[in-house]
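Input: a single structure, listed below in structure tokens.
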Number of protein chains: 2
Amino acid sequence: MSDPATRNRSRATADMVARTANVSRVAVSRAFNPHASIKPEKRDLILKVAQELNYTPDMAARSMVTGRSHLVGIIVPDVSGPWESQELDAMTTALQAEGFATLLFRTRDDLSLDETLLTYMKGFNPDSVIAYAENVRPTTLARVLDRAVPIYIGYPDEEAAEAEAAPLFDRLDVLQREGIEQAVALMQGYGARRFAFLAGKSNSLATQSRERMVRKVIAERGLPPPLRIQGDYMYDTAYRETLNQFRLGEPVDAIFAANDVGAFGAIDALRTELGLRVPQDVKVVGFDDIHQSHWKSYSLTTVKLDLAERTQALLRLILRRLKNPTSPSLTETVSTRLVVRGTVG
Amino acid sequence: MSDPATRNRSRATADMVARTANVSRVAVSRAFNPHASIKPEKRDLILKVAQELNYTPDMAARSMVTGRSHLVGIIVPDVSGPWESQELDAMTTALQAEGFATLLFRTRDDLSLDETLLTYMKGFNPDSVIAYAENVRPTTLARVLDRAVPIYIGYPDEEAAEAEAAPLFDRLDVLQREGIEQAVALMQGYGARRFAFLAGKSNSLATQSRERMVRKVIAERGLPPPLRIQGDYMYDTAYRETLNQFRLGEPVDAIFAANDVGAFGAIDALRTELGLRVPQDVKVVGFDDIHQSHWKSYSLTTVKLDLAERTQALLRLILRRLKNPTSPSLTETVSTRLVVRGTVG
DNA sequence: ACGATGAATGAAAGCGTGTTCATTCTGAGC
DNA sequence: GCTCAGAATGAACACGCTTTCATTCATCGT
């Protein structure tokens with residue numbers, strides 16, 4: 001219909017549709033608003049003309065008057081990470097189904113979130129913001145984003161500073177205890193006594209929370225406190241540091257990794273370079289249950305964060321907050337559980 | 001400074017800043033526009049007041065008058081896929097550095113791109129759109145997005161329909177031949193004679209393009225035409241279908257996978273279930289060179305798509321097009337090359 | 001057949017910005 | 001001390017849309 005030559009360079013506006021269809025511009029607006037009162041035949045005519053003219057309401061203009069941008073900001077430390085991308089995928093799919101578009105931002109590799117970025121994002125007026133405790137201090141989040149839209153993914157066992165800030169936003173709290181208890185119990189049941197915790201980036205709140213809980217559970221079961229291998233969530237570092245631990249430090253018979261990818265690095269170091277067998281010589285457990293964890297080369301036993309459960313909880317928070325902007329802060333809680341595969345016994 | 005109680009529910013506007021700083025609203029606008037002419041001390045005052053009031057220019061309003069949304073739409077078939085997420089990560093990082101925000105959309109699992117989605121995205125007025133040949137027919141793309149913003153990631157050896165549509169947008173063309181030639185040569189050099197091509201989703205243009213080139217190169221080298229294993233880019237399917245090929249069909253001594261993840265599935269099937277050795281019994285090559293490909297359990301020899309190269313090329317296209325909206329369609333070309341690891345010889 | 005009720009309609013206002021454009025201010029040059 | 005160019009300033013407009021609000025139209029019960 002529209003060959004490149006005659007093709008209009010600029011978008012069609014409601015005015016053009018109105019003029020073409022011989023209706024008022026207001027009618028066009030109503031035709032696109034499901035709740036507006038307009039004669040059905042008229043709406044059909046308008047929608048038909050709109051389609052011919054390839055017209056779509058301008059979200060920017062619409063956003064200005066309605067106050068709804070239909071944008072949800074998501075701040076992620078590393079989009080390419082399996083866990084992050086898998087959660088991003090689930091959230092984007094769910095948001096899209098609800099009519100939202102995902103506005104994606106990436107933080108720096110050191111996890112620090114530039115305040116400028118937060119301010120910049122605010123300029124887009126997102127209807128909601130999903131931020132990880134990893135990246136941003138709650139006080140900063142509260143100061144910059146003055147609307148009560150952010151959702152903070154945190155951990156209820158955090159220290160005071162965070163607990164105090166809790167009422168400032170809606171939260172998704174992750175209960176780590178259950179999955180960790182199951183994991184430690186299983187490993188101990190198969191004879192593990194000397195544990196190591198393979199940490200993520202040291203300033204990551206997630207890894208800190210997990211480590212505290214792992215230590216607590218191990219202590220509760222009367223086992224010696226775990227050694228510590230400093231990782232950064234990445235495969236290469238986990239591989240190297242595991243090697244160091246066994247060659248230069250004290251070997252262990254169980255490794256609890258702060259994330260699955262780190263566990264893969266540890267497993268490969270043990271098998272490939274150290275000639276040790278997993279699980280016979282060393283038991284390994286990870287955290288997240290990413291798609292890759294069931295790959296046959298690893299078949300990782302891991303503490304699962306249920307993606308569907310998290311996504312639904314986040315969506316509930318967003319929709320409830322949007323429906324009632326002034327309600328006090330909401331909290332959803334998700335649990336964790338162990339998925340048993342082949343790296344323990 | 002702003003405790004939750006007194007905190008303003010609505011965002012600060014340029015008007016508020018102007019009144020607080022005792023300047024005109026126009027001055028506020030100029031203070032935030034680097035090229036505007038305004039007395040430096042005045043600008044500093046305004047920026048200071050703006051920061052105190054936590055003011056940021058509203059991108060929606062700004063977008064309406066400037067015609068620049070600072071949004072780049074990216075349409076991805078599966079955000080959670082390693083390759084997709086790694087490219088998304090690189091692009092988002094690069095775009096962010098240039099002042100753009102990523103507007104992320106996901107297509108359905110069958111790769112089909114709903115036209116409604118394209119129309120919806122258009123409503124956000126993205127300054128540019130990055131779409132994969134996988135998802136959208138060029139004619140559809142041209143019809144819906146009437147501004148010359150989309151960038152089409154395609155393959156120059158496609159059939160007429162696509163070539164004809166080429167002048168409609170800027171393109172990033174991927175030259176598959178070089179990497180594929182190197183791969184086939186290497187495998188043949190190590191004694192491979194009977195090839196199988198492990199395909200991706202059958203309606204994926206990438207897998208079709210790769211398969212055509214693989215067949216061509218194999219024929220050129222005087223080898224028998226490759227068998228075909230139908231996959232869908234996923235690990236599980238590759239695993240299962242490789243098993244079927246060896247148990248029910250004819251075994252081969254070399255597998256060329258359409259993507260790395262598929263190669264992993266094939267490798268695991270060969271080693272775990274069939275008791276075959278890689279590379280001694282069967283040689284395997286993948287496509288993409290994702291981070292996971294150098295993991296020791298796989299150490300995959302693969303045809304690399306250079307992420308940095310692609311990202312820079314895409315960015316060049318976007319910036320050039322934005323600088324000159326009416327210029328004829330641009331094309332960037334990226335090559336491929338083999339990364340040799342341990343799955344061939 | 002007639003008022004009453006509700007649905008359908010269009011004019012006008014407003015959302016928060018950037019950008020003319022005409023005007024005023026500043027300071028250099030002689 | 002005066003002229004003149006260039007910088008700095010603010011009033012008004014435009015961007016594309018939704019939403020009041022007052023008005024007209026259709027429908028129904030009696």
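Bear in mind that the values here come from a model prediction, so they are computed numbers and not experimental data. Here is how names work: the chains are called A, B, and so on, in the same order as the sequence lines, proteins then strands, and each is numbered from 1.
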Side-chain donor-acceptor pair under 3.5 Å between B:Arg321 and B:Ser327, yes or no? yes

Do B:Ser69 side-chain atoms and B:Asn125 backbone N/O form a donor-acceptor pair below 3.5 Å?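 Yes, B:Ser69 side chain to B:Asn125 backbone: donor-acceptor pair under 3.5 Å.
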
Phosphate oxygens OP1/OP2 of C:dC15: is one of them under 4.0 Å from a side-chain N or O of A:Asn125?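 Answer is no, no contact under 4.0 Å.
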
Under a 4.0 Å heavy-atom cut-off, which of residues 17-32 of chain B touch DNA chain D?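 Of all residues in residues 17-32 of chain B, the ones placing a heavy atom under 4.0 Å from DNA chain D are B:Ser24, B:Val26, B:Arg30.
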
Near DNA chain D, counting only heavy atoms under 4.0 Å, which residues of residues 35-43 of chain B show up? B:Ser37, B:Ile38, B:Lys39, B:Lys42

Test of understanding: with side chain to side chain donor-acceptor pair (under 3.5 Å), list the residues that count as partners of [X], not counting sequence neighbours.
{"X": "A:Glu115", "answer": "A:Arg143"}
{"X": "A:Thr116", "answer": "A:Asp114"}
{"X": "B:Thr13", "answer": "none"}
{"X": "B:Thr333", "answer": "none"}

Whole angstroms only, please: what is the [atom1]-[atom2] distance between [X] and [N]?
{"X": "B:His70", "N": "C:dT17", "atom1": "NE2", "atom2": "C1'", "result": "12 Å"}
{"X": "A:Met64", "N": "C:dA13", "atom1": "CE", "atom2": "C1'", "result": "13 Å"}
{"X": "A:Asn33", "N": "C:dA8", "atom1": "CG", "atom2": "P", "result": "14 Å"}
{"X": "A:Phe124", "N": "C:dG16", "atom1": "CZ", "atom2": "C1'", "result": "15 Å"}
{"X": "B:Asp58", "N": "D:dG16", "atom1": "CG", "atom2": "P", "result": "16 Å"}

For A:Arg68, salt bridge (charged side-chain N to carboxylate O under 4.0 Å, His left out) partners two or more places apart: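 A:Arg68: no salt bridge (charged side-chain N to carboxylate O under 4.0 Å, His left out) contacts found.
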
What residues form a salt bridge (charged side-chain N to carboxylate O under 4.0 Å, His left out) with A:Arg25, not counting sequence neighbours?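 Once residues adjacent in sequence are excluded, the partners of A:Arg25 under the salt bridge (charged side-chain N to carboxylate O under 4.0 Å, His left out) criterion are A:Asp15.
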
How would you list all residue pairs meeting side-chain hydrogen bond (donor to acceptor under 3.5 Å, both in side chains) that involve residues 41-50 of chain B, not counting sequence neighbours? none

Nearest listed nucleotide, side chain of B:Ala61, among C:dT17, D:dC17, D:dC15: C:dT17

State which of D:dG16, C:dT17, D:dC17 makes the closest approach to the side chain of B:Ala14. C:dT17

